[in-house]
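Down below is the structure, laid out as structure tokens.
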Number of protein chains: 2
Amino acid sequence: MEQVHGRCPRYGFLTEYLLVTLRERTQGGTFLKPGHTDVPAAGPLEGYDGAESEGCRMVNSVLARVGDKWSLLVVMFLSDGSKRFSELKRMIGGISQRMLTLTLRGLERDGLVTRTVTPIIPPRVDYELTELGRSLQGHAVALAGWAHANGDRIAEARRRFDGEGESGEVRHAVAAE
Amino acid sequence: MEQVHGRCPRYGFLTEYLLVTLRERTQGGTFLKPGHTDVPAAGPLEGYDGAESEGCRMVNSVLARVGDKWSLLVVMFLSDGSKRFSELKRMIGGISQRMLTLTLRGLERDGLVTRTVTPIIPPRVDYELTELGRSLQGHAVALAGWAHANGDRIAEARRRFDGEGESGEVRHAVAAE
DNA sequence: CAGAATCCGCCTCGATACTG
DNA sequence: CAGTATCGAGGCGGATTCTG
């Protein structure tokens, strides 16, 4: 779960880049060539190697976690308090023990959930969101909310795109607008 | 790119669920059992099947896109205006033509970027963010910003977690990776 | 230059069986 | 109940080659 392919190497500078970009944009400035149309950058990610070491993995792991199949779902179900393993499994209904274990393990590893073991004969383990986990949930909800709000537009764009493909437009046609 | 594994089936109700949850939480209410500790839900996702049909794919596709390897990076590089294919490839520096094509195709399909072809002998294709794409970028940046801001805490939690595993703790046999 | 097509290694995920 | 271990299928992503 922590080694999502070789995802890291290129996302590295993203942290710096997007933060600066966002800041610049909101201030009306563009620190990168705004209107050029020719070859610009000398090499790939030249000055960003430094940020790759630390910032990369963090941004990456978060994005990977949000994007993976079950993490967000688990986080959502933990919104209203701690839950037992089997409880989560039953609520989600479709996740295998293996994936639930791996997902929870990953979330625990990143400090997003806590794992509390009650050593009784029928084992009991409770999971609960940490502060960190709750703050992540906020952003995740926002993102999902965006998806929900723009679902129609995306669906429409998708239909139109798929429709164009079949009509013989050999992909060399202007993508309209 | 549009068929990310079988990711869809379970995320469906998430849209409704998390939105309602969030709303309820901010209002101090909990429409779901708050403090119980026993088996609660009768079955898995009983009343949510309806939402799976439409809401699911949208929320899912967005989360999958944010989580995948290159989409966000491409979106970030398109922040400051349209870019040519080779321009993006050079800037990202590490992505293969195949993945850049697939990524852009996926973004285009969802209406997040526009593809403009200039039919000249050396082909020229420009990509640009749409309004929709820009709004997604906002949330993506926020999420990445969160990752950046909490990188230290995550890294620490991760170290601690990995450290405990080796010291023969209660964990029945940490897979340790 | 911008892609399409192909081959292939790796990872992710699900199902199953076993343990404490 | 709460995992762990193993197996297998399928998808993702990289490298390479070929086209207009």
Side-chain angles (χ1 to χ4, degrees), chain A residues 1-11 37-39 64-65 67-71 73-74 82-90 92-106 108 115-127 165 169-175, chain B residues 1-11 37-39 64-65 67-71 73-74 82-90 92-106 108 115-127 165 169-177:
Chain A
M1 189 70 81
E2 60 274 64
Q3 252 290 44
V4 194
H5 274 252
R7 228 159 205 160
C8 182
R10 302 308 164 194
Y11 266 131
T37 47
D38 214 341
V39 289
R65 196 167 303 291
D68 83 19
K69 204 171 182 179
W70 302 107
S71 292
L73 201 52
V74 170
S82 76
K83 297 267 183 300
R84 296 185 59 175
F85 184 88
S86 56
E87 217 172 327
L88 283 171
K89 186 176 189 309
R90 184 168 30 245
I92 297 177
I95 189 173
S96 59
Q97 292 90 334
R98 181 177 181 274
M99 288 319 296
L100 183 53
T101 300
L102 288 176
T103 301
L104 287 168
R105 176 95 57 240
E108 182 195 1
R115 179 174 180 270
T116 309
V117 180
T118 307
I120 55 181
I121 299 306
R124 177 203 179 93
V125 182
D126 292 87
Y127 292 92
E169 307 277 351
V170 196
R171 192 106 298 276
H172 282 297
V174 182
Chain B
M1 188 69 78
E2 60 276 62
Q3 253 289 45
V4 194
H5 276 249
R7 228 160 207 163
C8 181
R10 303 306 165 195
Y11 265 132
T37 48
D38 213 342
V39 289
R65 195 166 305 290
D68 83 19
K69 204 172 181 179
W70 302 108
S71 291
L73 201 52
V74 169
S82 76
K83 296 268 183 301
R84 297 185 58 176
F85 184 89
S86 56
E87 217 172 328
L88 283 171
K89 186 174 188 311
R90 183 168 31 245
I92 296 176
I95 189 173
S96 58
Q97 295 89 333
R98 181 177 182 271
M99 289 318 296
L100 183 53
T101 299
L102 288 177
T103 301
L104 287 168
R105 177 90 63 239
E108 182 195 0
R115 178 173 180 270
T116 309
V117 180
T118 308
I120 54 180
I121 299 305
R124 175 201 180 94
V125 181
D126 291 88
Y127 293 91
E169 275 319 305
V170 256
R171 194 169 300 284
H172 301 284
V174 184
E177 189 175 5

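Letters go in sequence order (proteins before strands), and every chain restarts at 1.
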Would you mind reading off the distance between [X] atom [atom1] and [N] atom [atom2], rounded to a whole angstrom?
{"X": "A/Gln97", "N": "C/dT12", "atom1": "CD", "atom2": "P", "result": "20 Å"}
{"X": "B/Leu102", "N": "D/dA15", "atom1": "CG", "atom2": "P", "result": "14 Å"}
{"X": "B/Tyr127", "N": "C/dA2", "atom1": "OH", "atom2": "P", "result": "8 Å"}
{"X": "A/Ile120", "N": "C/dG20", "atom1": "CD1", "atom2": "P", "result": "18 Å"}
{"X": "A/Arg115", "N": "D/dA2", "atom1": "CZ", "atom2": "P", "result": "10 Å"}
{"X": "A/Ile95", "N": "C/dT12", "atom1": "CD1", "atom2": "P", "result": "15 Å"}
{"X": "B/Lys83", "N": "C/dC1", "atom1": "NZ", "atom2": "P", "result": "17 Å"}
{"X": "A/Asp126", "N": "D/dC1", "atom1": "CG", "atom2": "P", "result": "13 Å"}

Does [X] make a side-chain N or O approach to OP1 or OP2 of [N] shorter than 4.0 Å?
{"X": "B/Arg105", "N": "C/dA4", "result": "yes"}
{"X": "B/Arg98", "N": "D/dT17", "result": "no"}
{"X": "B/Ser86", "N": "C/dA2", "result": "yes"}
{"X": "B/Lys69", "N": "D/dG14", "result": "yes"}

(request) Check the pair A/Leu104, A/Val125 against side chain to side chain contact (heavy atoms under 4.5 Å, CB included), reporting the backbone distance first and the verdict last. (result) CA-CA 11 Å; A/Leu104 287 168; A/Val125 182; over 6 Å; no
(message) I'd like to check the side-chain contact (heavy atoms from CB on, under 4.5 Å) partners of B/Ile121; sequence neighbours left out, ordered by chain and number.
(response)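 So B/Ile121 forms no side-chain contact (heavy atoms from CB on, under 4.5 Å) with any residue.
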(request) Quick one: pull up OG in B/Ser71 and CZ in B/Arg65 and give me the separation to the nearest 0.5 Å. (result)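 Here the interatomic distance stands at 5.0 Å.
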Would you give me the side-chain donor-acceptor pairs under 3.5 Å for residues 92-100 of chain A, sequence neighbours excluded?
from: A/Ser96; atom 1: OG; to: A/Met99; atom 2: N; distance (Å): 3.3

(message) Need the bend value for the helix from C/dC1-D/dG20 to C/dG20-D/dC1: angle between end axes, 5 pairs each end, nearest 10°.
(response)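 It comes to 30° between the two terminal axes.
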(request) For the side chain of B/Phe85, starting at C-beta, report the closest nucleotide among C/dG14, C/dA4, C/dA2. (result)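 In terms of side-chain proximity for B/Phe85, the closest of C/dG14, C/dA4, C/dA2 is C/dA2.
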(message) Restricting to non-hydrogen atoms, name the atom on A/Asp126 and the atom on A/Ser82 that form the minimum distance, rounded to 0.1 Å.
(response)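 Closest pair (atom of A/Asp126, atom of A/Ser82, distance): OD2-OG, 4.2 Å.
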(request) Please report the shortest heavy-atom distance between B/Pro123 and B/Arg84, naming the atom on each side. (result)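 Where B/Pro123 meets B/Arg84 most closely, the heavy atoms are O-NH2, 3.6 Å.
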(message) Between A/Pro123 and B/Ser96, which residue's closest nucleotide on DNA chain D lies nearer the 5′ terminus?
(response)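 With B/Ser96 and A/Pro123 compared, the 5'-side residue is A/Pro123.
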